[in-house]
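Note that the numbering runs from 1 along the sequence shown for the chain. Below, all heavy atoms of this structure are taken into account, side chains as well, without hydrogens, waters or symmetry copies.
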Amino acid sequence: MAVAGAIIGAAIGGWMNDRFGRRTAILIADFLFFIGAVVMASAPNPSLLIVGRVFVGLGVGMASMTSPLYISEASPAKIRGALVSTNGFLITGGQFLSYLINLAFTNAPGTWRWMLGVAGLPALLQFILMLLLPESPRWLFRKGREEEAKVILRKIYSADDVEKEIQDLKESVEAEIREEGSAKINMMKLLKTKTVRRGLIAGVGLQVFQQFVGINTVMYYSPTIVQLAGFASNKTALLLSLVTAGLNALGSIVSIYFIDRTGRKKLLLISLFGVAISLGLLAGVFHETTSHSPMVSRIQTSHFSNYTCPDYSSATNPGAWDCMKCLKASSPDCGFCASPTDKLLPGACLLSNDTVKDLCHDESRLWYTRGCPSKYGWLALVGLALYIIFFSPGMGTAPWIVNSEIYPLRFRGVCGGIAATANWISNLIVAQSFLSLTEAIGTSWTFLIFGVISVVGLLFVIVYVPETKGLPIEEIEKMLETRSLHFRFWEKSQKPLHSAIVELI
């Protein structure tokens, strides 16, 4: 429900940004955050808890597209990428911190109320601090409030650069007004405007690929993935998911350093290449763990005679059963109790419930319900770590940076809202389908699909995504206007194909 709320929030946020300003949109998002946190913490029933969750989702959606836009428009070109990346770092760092905060609240009275309610404090703090910050100077210019905008720009830019920035911004706004007049913005107008259409292809495409390469399956389900790789302990799975969250935050710091040095496009290509390799490794590891899982022993199973898995008891060929076949039994669900001497030796296929789990543990055995014991499980952890290390600095932050830079001023809020909405819709699709896919076609094939999508995403970046490093926002608009769509689209000079490929590498 939070993701569903975020979809609506991102869609409304685009219109609100252009109508009322970036600063106002963030203030409204903070208010929604705070209300949602209070409602959830005080909820007397599940229905009100869901209502609070939707409020939080609305705030998340609105803030997700407004924050990068506001930072981008209030930043000098040479450090714009680093500052928007800092936003990404604080998001991933906040995710890691939230794991630790929730861990601290696990033994507190009213555990979940504290976990959900404490989210209202940073929202309240940001609301107060935002009152001390100015509106976006570019939005003020577009609304005819030039003197206010100039005062802010003179605080942001050096004396040598500010007059040129003001002149470029003034020319851009005047050109837009001459071209567009007072006509209302609609989807047909967006698609008919060359610069907007090209920007939307790049911006929306990046947001969709960010989700469809599987990042939120890793972030939402990392404990589950660890268990699928053969780690039985819930505690171990949760601790390892902390490592995943920590690496994600670390990757955002790398992005802050490289985004304005290496450039957006090169960082995206390196990121997607590494993600594809990591997903290939994960697919291979999970294929190995599922195709070579320990066998089910009739002797081990009969040791727990009252709790044998019904499907195993009625099987025509029980000798062919292995751990994976046991876990796929569904009438009712069954689990695998590993051998007490070596988890890779044949074990018992039993009913899956808390009683049987405790019996298995009492004999110093490991209990498996998601994945099977494997000697290659540690490679899955390496694959997960590599995935996060490659994803976070590039695909984790660059799509938001590019979307905050590539749209003409008049359409910036609406287009940013469209791209953020596409991101949250893709997020919802991937998050809701991951576990169903792993059950239907297996974990290995699921990760292989994500890997293929990563390769397609890499080709998409080569063809459609601009390099915006160090360019004033008004210059990016001119570049979009003059370039035609082909393999070397966005190249500044007409170089031979061989030279373009060498430079890209």
Next on the checklist: S72 vs I401, test: side-chain contact (heavy atoms from CB on, under 4.5 Å). Steps then yes/no.
Outcome noted: CA-CA 8 Å; S72 175; I401 296 170; over 6 Å; no
Item to check | Stepwise side-chain contact (heavy atoms from CB on, under 4.5 Å) test for W424 and Q207 | outcome: CA-CA 9 Å; W424 286 108; Q207 295 287 32; over 6 Å; no
Item to check | Residue pair C337, C360: steps toward the disulfide bond (SG atoms under 2.5 Å apart) verdict | outcome: CA-CA 6 Å; C337 185; C360 183; 2.1 Å; yes
Next on the checklist: Please evaluate residues L32 and V60 with respect to the criterion side-chain contact (heavy atoms from CB on, under 4.5 Å), reporting the C-alpha separation (whole Å), side-chain torsions for both, the decisive distance (0.1 Å), and the verdict.
Outcome noted: CA-CA 9 Å; L32 291 169; V60 168; over 6 Å; no
Item to check | Test disulfide bond (SG atoms under 2.5 Å apart) applied to C349 and C309, step by step | outcome: CA-CA 6 Å; C349 183; C309 174; 4.0 Å; no
Next on the checklist: Please evaluate residues I449 and I441 with respect to the criterion side-chain contact (heavy atoms from CB on, under 4.5 Å), reporting the C-alpha separation (whole Å), side-chain torsions for both, the decisive distance (0.1 Å), and the verdict.
Outcome noted: CA-CA 11 Å; I449 289 171; I441 62 175; 3.6 Å; yes
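K469 places a side-chain N or O within 3.5 Å of a backbone atom of R261 that can act as its donor or acceptor partner. Proximity of a side-chain donor or acceptor of S392 to a complementary backbone N or O of I389 within less than 3.5 Å is not detected. At distances below 3.5 Å, not a single donor-acceptor pair connects side-chain atoms of S75 with backbone N or O atoms of R80. Distance alone, capped at 3.5 Å, places no donor-acceptor pair between the S426 side chain and the F212 backbone. Listed for the R113 side chain is a donor-acceptor partner under 3.5 Å among the backbone atoms of A43. Looking at E135, its side chain does come within 3.5 Å of a backbone N or O of R22 through a donor-acceptor pair. At distances below 3.5 Å, not a single donor-acceptor pair connects side-chain atoms of N403 with backbone N or O atoms of G416.
By the ring pair (Phe, Tyr, Trp, His ring centres under 6.0 Å) test, F20 is found to be paired with W15, residues two or more places apart in sequence or in another chain being considered. Shown here are the side chain to side chain contact (heavy atoms under 4.5 Å, CB included) partners of V204, two or more places apart in sequence or in another chain: L200, V208, I418, A419, A422. When the side-chain hydrogen bond (donor to acceptor under 3.5 Å, both in side chains) test is applied to R23, no partner is found at least two apart in sequence or on another chain. Take C415 and apply the disulfide (SG to SG under 2.5 Å) test, not counting sequence neighbours, and it matches no residue. Every residue two or more places apart in sequence or in another chain was checked for a salt bridge (Lys or Arg N to Asp or Glu O under 4.0 Å) with R53, and none qualifies. Residues passing the side-chain hydrogen bond (donor to acceptor under 3.5 Å, both in side chains) test with H361, sequence neighbours excluded: none. Partners of F55 by ring pair (Phe, Tyr, Trp, His ring centres under 6.0 Å), not counting sequence neighbours: none found. In this structure, the side-chain hydrogen bond (donor to acceptor under 3.5 Å, both in side chains) partners of N17, at least two apart in sequence or on a different chain, are T66. Contacts of S293 classified as side-chain hydrogen bond (donor to acceptor under 3.5 Å, both in side chains), with partners at least two apart in sequence or in another chain: D322.
Within the model, atoms CD1 of I7 and CD1 of I12 stand 12.0 Å from one another, a figure rounded to the nearest 0.5 Å. Interatomic distance, CD1 of I453 versus CG of L448, reported as 10.0 Å (0.5 Å rounding). Once rounded to the nearest 0.5 Å, the distance linking OG of S352 with OH of Y307 reads 13.5 Å. Between the OH atom of Y464 and the NZ atom of K265 there is a distance of 11.5 Å, given to the nearest 0.5 Å. The structure places CE of M115 at 10.5 Å from CD1 of I101, a figure rounded to the nearest 0.5 Å. Atom CD of E405 is separated from atom CG of L69 by 11.0 Å, given to the nearest 0.5 angstrom.
Between P393 and Y257 there is no side-chain heavy-atom pair separated by less than 4.5 Å.
For the residue pair S255 / T397, a side-chain donor-acceptor distance below 3.5 Å is found, with atom types taken as modelled. No hydrogens or angles considered: a donor-acceptor pair under 3.5 Å links the side chains of S136 and E73.
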Just list the side-chain donor-acceptor pairs under 3.5 Å for residues 89-96, sequence neighbours left out, or say none.
{"unit_1": "T92", "atom_1": "OG1", "unit_2": "G88", "atom_2": "O", "d": "3.2"}
{"unit_1": "T92", "atom_1": "OG1", "unit_2": "F89", "atom_2": "O", "d": "3.0"}
{"unit_1": "T92", "atom_1": "OG1", "unit_2": "S252", "atom_2": "OG", "d": "2.9"}

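Between F209 and F460, the two ring planes are tilted [angle within 30° to 60°]. Using cut-offs of 30° and 60° for the angle between ring planes, the F391 and Y387 rings count as parallel.
For residues 433-442, the set of pairs meeting the side chain to side chain donor-acceptor pair (under 3.5 Å) definition, not counting sequence neighbours, is empty. Within the structure, the side chain to side chain donor-acceptor pair (under 3.5 Å) test picks out the following pairs touching residues 24-35 (sequence neighbours left out): D30-Q126.
Between C323 and C372, the sulfur-to-sulfur (SG-SG) separation falls under 2.5 Å.
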